[in-house]
There are 2 protein chains.
Amino acid sequence: MTYTIKDVAKKANVSIATVSRILNGKTGFSEKTKKKVLRVIEELGYQPNAVARGLINKNTQTIGVLIPTVSNMYASEVLSGIEKHANDLGYSVIVCNTGCVGERTIHYLQVLSERRVDGIIIVSEFIYEEYYKVLNDMEIPTVLVSTISLQFPIPYVKVDDRHAAFSATDYLIEKGHTNIAMIAGDARDPIAGIPRIEGYKSAHLSHGLEINENYIIDCKIFSHQAGIEAMEAILQKQLNITAIFASSDEIAAGAMSAAIRNGIKIPDQLSIIGYDNTKIAEMIIPSLTTVAQPLHDMGMVAATMLFEMKETGEVTQSRIMSHEIVERETVRSFF
Amino acid sequence: MTYTIKDVAKKANVSIATVSRILNGKTGFSEKTKKKVLRVIEELGYQPNAVARGLINKNTQTIGVLIPTVSNMYASEVLSGIEKHANDLGYSVIVCNTGCVGERTIHYLQVLSERRVDGIIIVSEFIYEEYYKVLNDMEIPTVLVSTISLQFPIPYVKVDDRHAAFSATDYLIEKGHTNIAMIAGDARDPIAGIPRIEGYKSAHLSHGLEINENYIIDCKIFSHQAGIEAMEAILQKQLNITAIFASSDEIAAGAMSAAIRNGIKIPDQLSIIGYDNTKIAEMIIPSLTTVAQPLHDMGMVAATMLFEMKETGEVTQSRIMSHEIVERETVRSFF
DNA sequence: TTGTAGGCGTTATCAA
DNA sequence: TTGATAACGCCTACAA
């Protein structure tokens, strides 16, 4: 049996208004009635109906999170950060697995809108005009994680990809590498592709190193399999390199796997640096040196921003999270 | 601006009842009014309020999922399966990260109850009496994934751990191994610990092999780090083994890592088989032979069971999913 | 085929 | 300090 505020009121011999006041920490009741009501609530095991509350308060204490693939270390780490912080503030989070190509994104946006969520967080997804229009119509605070929209004013939280890629490449150069390939994920991806390639290039430029376009492998996606194939391509081409910068840890792991299978010793004959610092980085052998993104924190920050926006009603400022190189075993130094 | 059914009714010159009927696929209106109303809805961009619907229908089209750690390949795979199937049926899923020790479980149960979710799925968590009492009071359909309750009648979906562990061990024995250690995760865990140890033992018995309790390493948890430590303990003890059965892929990866660092060649000098078949299994080198659990499917099945229970109002039957050995590179055959 | 009105479980505004 | 009562947005008898 599930009781309502009426049941409580009746049993406690007070009005529902009084019960409501007590429940919501308002004033306007004696200590004695409070005791009485609380006892009845306890006895009945009464639990306020969040749905009814949501209806009248226009506030569901719920946020929606759109993620291309939840079953992916990168995404699930971010999700976990979001969930943690949201929960701490009394919010629940609805997960929406939009799929790699974002095919269900509009659908989910619709659903979240009907559910009157208080905010939406979109992870790693390109924002099409279509999305923005819907988002705009819904008037729900939105923040982006690991993505950015140049066309639309949606605040984001991410690392500076260009900078991080610069750091990674620079790190390799500082270790004495001069012939460095890059496995670029999707080279046309405006978010995780292009900026990282730019970073790779600027690092070369800043060290007076020549850029060889041949050294940049576009493997289209950021997966393990793509990394394997990219590595095979590199071997095929007999590129004269000593190091690789991979656009994701998964790519790096795939590339390493292919290299090792071809008898290449890492890092003795080939160094490699990854991107993300997901758990895979420390689970492979040799463990992967990589550029760390504070994934969990990014999730937390995104949630914070959302609540800030809800509070103020204004668009908050975007946040650039700092990245850092985590040194492990895949990069050899020439010095 | 967000419109209500009233706005639609007014603008279409009909009553809200008519709009409601059209919206819900009921009968009782002319084709002409339907057209008109639909057009108005389109014009206004009206979206029904799911909260109000939930209040009156006593049905929120929402399910809650409790998971110890979402940022974990095992869990996120299951979650993804749940989400997919739920979404296909018009349900949204609220994720609840209960934490390793289940510290927030009761809290989440409370939250889900107040939110009047239509069902709850609990993944990989032991069901304490305290939980069951709350669950029982809430009268919300519940199903368990990868866990089971001997005390309480909650349906579950899982593989037969005992059987799967038997299969893994048997596989090693069939390959000619006779001295097989087991890294057992938490040996006192009634769900993922004990049954797997039993399976390991029965395989030995069925082959007339002696069981050496010394060969069973209790590493308390199922993590990568635990695997490393367990392996170090094995080396320390100078166990005379040719193979290891690890209770999770993460443990296996950790053990491999420690072994390789100690100059042991896998599988030449030491074979290893894991458990779960998470993505890590194919990302490490050599790739891990393991017992596959159909994680994604298990999530889907759990969701199906939940809806079945909601439909029929009865407790459905538990499902045992079949496991299978995925052969990769970490087990050597002596034949 | 259509509309009126009551109710879902709350919160909040008045009076008392 | 309290209690009616009107919303919140929707669904659904019951009438018309």
Side-chain angles (χ1 to χ4, degrees), chain A residues 1-38 40-41 44-62 90 111 113-118 138-139, chain B residues 1-38 40-41 44-62 90 110-118 138-139:
Chain A
M1 178 55 189
T2 152
Y3 298 96
T4 74
I5 200 172
K6 267 189 199 157
D7 301 315
V8 176
K10 194 183 299 173
K11 183 152 185 193
N13 275 316
V14 296
S15 72
I16 61 172
T18 300
V19 178
S20 176
R21 286 191 197 100
I22 293 173
L23 239 29
N24 294 290
K26 315 243 159 170
T27 58
F29 48 81
S30 68
E31 196 57 28
K32 204 176 119 205
T33 47
K34 178 176 176 182
K35 282 258 162 54
K36 186 172 53 179
V37 168
L38 253 24
V40 171
I41 287 177
L44 256 33
Y46 162 75
Q47 289 181 314
N49 183 327
V51 180
R53 279 185 165 170
L55 182 57
I56 195 153
N57 290 336
K58 299 178 171 315
N59 163 346
T60 53
Q61 296 290 109
T62 307
V111 169
S113 173
E114 293 189 2
R115 286 176 178 279
R116 302 297 192 262
V117 297
D118 299 325
M138 319 196 305
E139 299 174 324
Chain B
M1 180 52 191
T2 151
Y3 298 96
T4 74
I5 200 172
K6 266 189 202 158
D7 300 317
V8 176
K10 195 184 298 172
K11 182 152 184 194
N13 276 318
V14 296
S15 71
I16 62 172
T18 300
V19 178
S20 175
R21 285 189 199 103
I22 293 173
L23 239 29
N24 294 291
K26 313 245 159 169
T27 58
F29 48 81
S30 68
E31 196 56 28
K32 205 176 119 204
T33 46
K34 177 176 177 181
K35 283 256 160 56
K36 186 173 54 179
V37 168
L38 253 23
V40 171
I41 287 178
L44 256 33
Y46 163 76
Q47 290 182 313
N49 183 327
V51 179
R53 278 185 165 170
L55 182 58
I56 196 154
N57 291 336
K58 298 176 171 319
N59 161 346
T60 53
Q61 297 289 111
T62 307
Q110 222 79 44
V111 169
L112 293 177
S113 173
E114 294 189 2
R115 287 177 176 277
R116 303 298 192 260
V117 298
D118 299 326
M138 319 196 305
E139 299 174 327

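First the proteins, then the strands, lettered A, B, ... as listed; each starts at 1.
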Contact check, side chains of A:V40 and A:Y3, non-hydrogen atoms, under 4.5 Å: no

Difference in axis direction between the ends of the helix from C:dT1-D:dA16 to C:dA16-D:dT1, five pairs, 10°: 40°

Shortest non-hydrogen contact between B:V51 and A:G54, atoms and distance: CG1-C, 3.9 Å

Exercise: identify the closest heavy-atom pair between B:I41 and B:L23: CD1-CD1, 3.5 Å

From NZ (B:K36) to NZ (B:K32), nearest 0.5 Å: 6.5 Å

For A:L55 against B:N49, the heavy-atom pair lying closest together: CD1-ND2, 4.3 Å

Gap between atom CG of A:D118 and atom NZ of A:K58 - 0.5 Å precision: 12.0 Å

Sugar-phosphate only, base, or nothing, as touched by B:T4 at under 4.0 Å among non-hydrogen atoms: sugar-phosphate

Only distances under 3.5 Å count here; give the side-chain donor-acceptor pairs of residues 14-22 of chain A to other protein atoms, sequence neighbours excluded, each with its distance to 0.1 Å.
{"unit_1": "A:S15", "atom_1": "OG", "unit_2": "A:A17", "atom_2": "N", "d": "3.4"}
{"unit_1": "A:S15", "atom_1": "OG", "unit_2": "A:T18", "atom_2": "N", "d": "3.3"}
{"unit_1": "A:S15", "atom_1": "OG", "unit_2": "A:T18", "atom_2": "OG1", "d": "3.3"}
{"unit_1": "A:S20", "atom_1": "OG", "unit_2": "A:N24", "atom_2": "ND2", "d": "3.4"}

B:R116 to B:T60 - nearest heavy-atom pair and separation: O-OG1, 2.8 Å

From B:N13 atom CG to B:T33 atom OG1, the distance as rounded to the nearest 0.5 Å: 11.5 Å

Contact list for DNA chain D against residues 44-61 of chain A - heavy-atom distance below 4.0 Å: A:L55, A:I56, A:K58

Residues touching DNA chain D, which here means a heavy atom under 4.0 Å, drawn from residues 23-34 of chain A: A:G28, A:F29, A:S30, A:T33

Any side-chain heavy-atom pair of B:K35 and B:E31 under 4.5 Å: yes

Which atom of B:Q61 lies closest to which atom of A:R115, heavy atoms considered: O-NH2, 2.5 Å

Which residue lies more 5' along DNA chain D, comparing B:V19 with A:N13 via nearest heavy atoms: A:N13

For the student: nearest non-hydrogen atoms of A:T4 and A:Y46, plus distance: C-CE1, 3.5 Å

Contact interval (first through last nucleotide) of DNA chain C with protein chain B, 4.0 Å heavy-atom: C:dT1 to C:dG9

A:K11 atom NZ, neighbour heavy-atom count above 12 within 6.0 Å: yes

Outermost DNA chain D nucleotides near chain B [under 4.0 Å, heavy atoms]: D:dG9 to D:dA13

Position toward the 5' end of DNA chain C (nearest nucleotide), A:T2 or A:A17: A:T2

